[in-house]
Number of protein chains: 2
Amino acid sequence: MSAARPADHDHTHCIADALTRADALCAERGARLTALRRQVLELVWTSHRPRGAYAILEDLSQREGKSTAPLTVYRALEFLVEQGLVHRIESLNAYIGCAAPGAVHSGQFLVCEACGNAVEIDDPRIRAAIDTTAAERGFRVNRPTVEVRGMCTDCQEKSP
Amino acid sequence: MSAARPADHDHTHCIADALTRADALCAERGARLTALRRQVLELVWTSHRPRGAYAILEDLSQREGKSTAPLTVYRALEFLVEQGLVHRIESLNAYIGCAAPGAVHSGQFLVCEACGNAVEIDDPRIRAAIDTTAAERGFRVNRPTVEVRGMCTDCQEKSP
DNA sequence: CGGGGCGATGTTATAGAGTAACAGCATGTC
DNA sequence: GACATGCTGTTACTCTATAACATCGCCCCG
């Protein structure tokens with residue numbers, strides 16, 4: 001997967017793809033992907049590393065040539081998360097573009113502590129195990145969060 | 001489990017147990033559970049709801065009769081987390097007492113969005129599923145975090 | 001075409017979460 | 001008793017996030 005090999009891929013494709021899919025999805029749903037929201041989405045996609053809201057805020061301010069308020073970014077992020085275009089990485093207080101918007105989101109991530117990249121996965125076995133144990137305890141699952149900290153393949157090769 | 005039935009149990013037992021186990025574990029390890037750290041642990045155990053560092057800070061200041069600095073609490077929490085006596089709930093930026101200190105910690109929680117209680121679980125199937133999918137992708141697992149938002153049994157009964 | 005309503009954005013202020021750098025104290029060890 | 005180490009205190013600061021309220025713009029309906 002390209003996201004796991006940041007050095008090997010043309011990231012402009014990732015960004016363009018994400019924007020195209022977002023346009024299509026929002027049009028389909030009648031959701032308003034405004035210029036501001038679209039720009040924030042683009043800035044979230046700057047890399048495959050989760051980005052903090054204030055990093056996005058800085059970029060946005062620079063682009064606009066005027067200082068923007070945090071709320072502006074947070075509201076855009078809220079919209080994007082609701083639409084499933086962006087995920088929040090809880091353990092980092094940061095945001096990352098969704099790899100497969102429109103599909104079911106289980107919210108599972110492999111977060112490399114060395115390079116900072118986060119790869120979204122959707123492993124049905126993890127989800128099944130969560131559902132099973134929750135059912136056994138009478139707990140109704142709403143939003144399962146799985147964030148696995150560790151080291152990705154590339155970084156393991158680099159550091160023995 | 002008592003944690004899932006907060007109304008039914010004498011919580012002073014939970015607190016006393018937690019402190020006793022902490023004393024024993026730290027003595028065994030040669031770790032210094034100072035008066036301050038012990039007090040912070042007690043305040044984390046105020047309930048079965050994850051507590052924010054600043055809530056603990058307020059309580060501590062009140063007890064001491066003087067205002068305490070955030071760092072004081074954070075340092076104590078850091079120690080307690082290292083010793084496995086307290087867990088951090090990433091999705092809430094909050095801390096909760098460990099239900100089974102001394103045992104292996106996989107860091108799995110069922111968090112009720114209605115009452116705020118968080119129950120720690122340690123389901124080997126979830127852990128196995130995570131290990132399997134990580135291995136398949138060549139990802140080395142360091143710290144898996146599983147936080148399932150949803151509704152506990154009690155709250156489901158109360159709200160139809 | 002005009003008004004009404006609603007959702008999006010702007011503004012200001014504030015709360016909550018966490019860390020850096022440095023000073024001082026206590027506790028055990030030799 | 002002197003030292004070393006680790007715990008605690010102090011001050012200041014950064015980052016993350018939200019509240020409350022004003023305004024703008026667009027679409028719909030009459």
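Residue numbers begin at 1 in each chain, while the letters A, B, ... track the order of the sequences. Just the heavy atoms: all of them, side chains too, but no hydrogens, waters or symmetry mates, feed the values below.
Taking the salt bridge (Lys or Arg N to Asp or Glu O under 4.0 Å) definition, one finds that B:R125 meets it with A:E136, B:D123, sequence neighbours left out. Evaluation of the salt bridge (Lys or Arg N to Asp or Glu O under 4.0 Å) rule for B:E113 yields B:R149 as partners, not counting sequence neighbours. Legend: residues meeting salt bridge (Lys or Arg N to Asp or Glu O under 4.0 Å) with A:E42, ordered by chain and number and at least two apart, are A:R63.
Screening residues 18-29 of chain B for side-chain hydrogen bond (donor to acceptor under 3.5 Å, both in side chains), with sequence neighbours left out, gives B:D23-B:R38, B:R29-B:Q83. Within the structure, every pair that satisfies the ring pair (Phe, Tyr, Trp, His ring centres under 6.0 Å) test and touches residues 108-142 of chain B, not counting sequence neighbours, is listed here: B:H87-B:F109.
Separating the CG atom of A:L80 from the P atom of C:dT9 is a distance of 10 Å, rounded to the nearest angstrom. Between the CG atom of A:L57 and the P atom of C:dG10 there is a distance of 12 Å, given to the nearest Å.
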Notebook entry, point to check: Once each nucleotide of nucleotides 4-17 of chain D is scored for protein heavy atoms under 4.0 Å, what B/S/- sequence comes out, 5' to 3'?
Noted result: ---SBBBB----BB
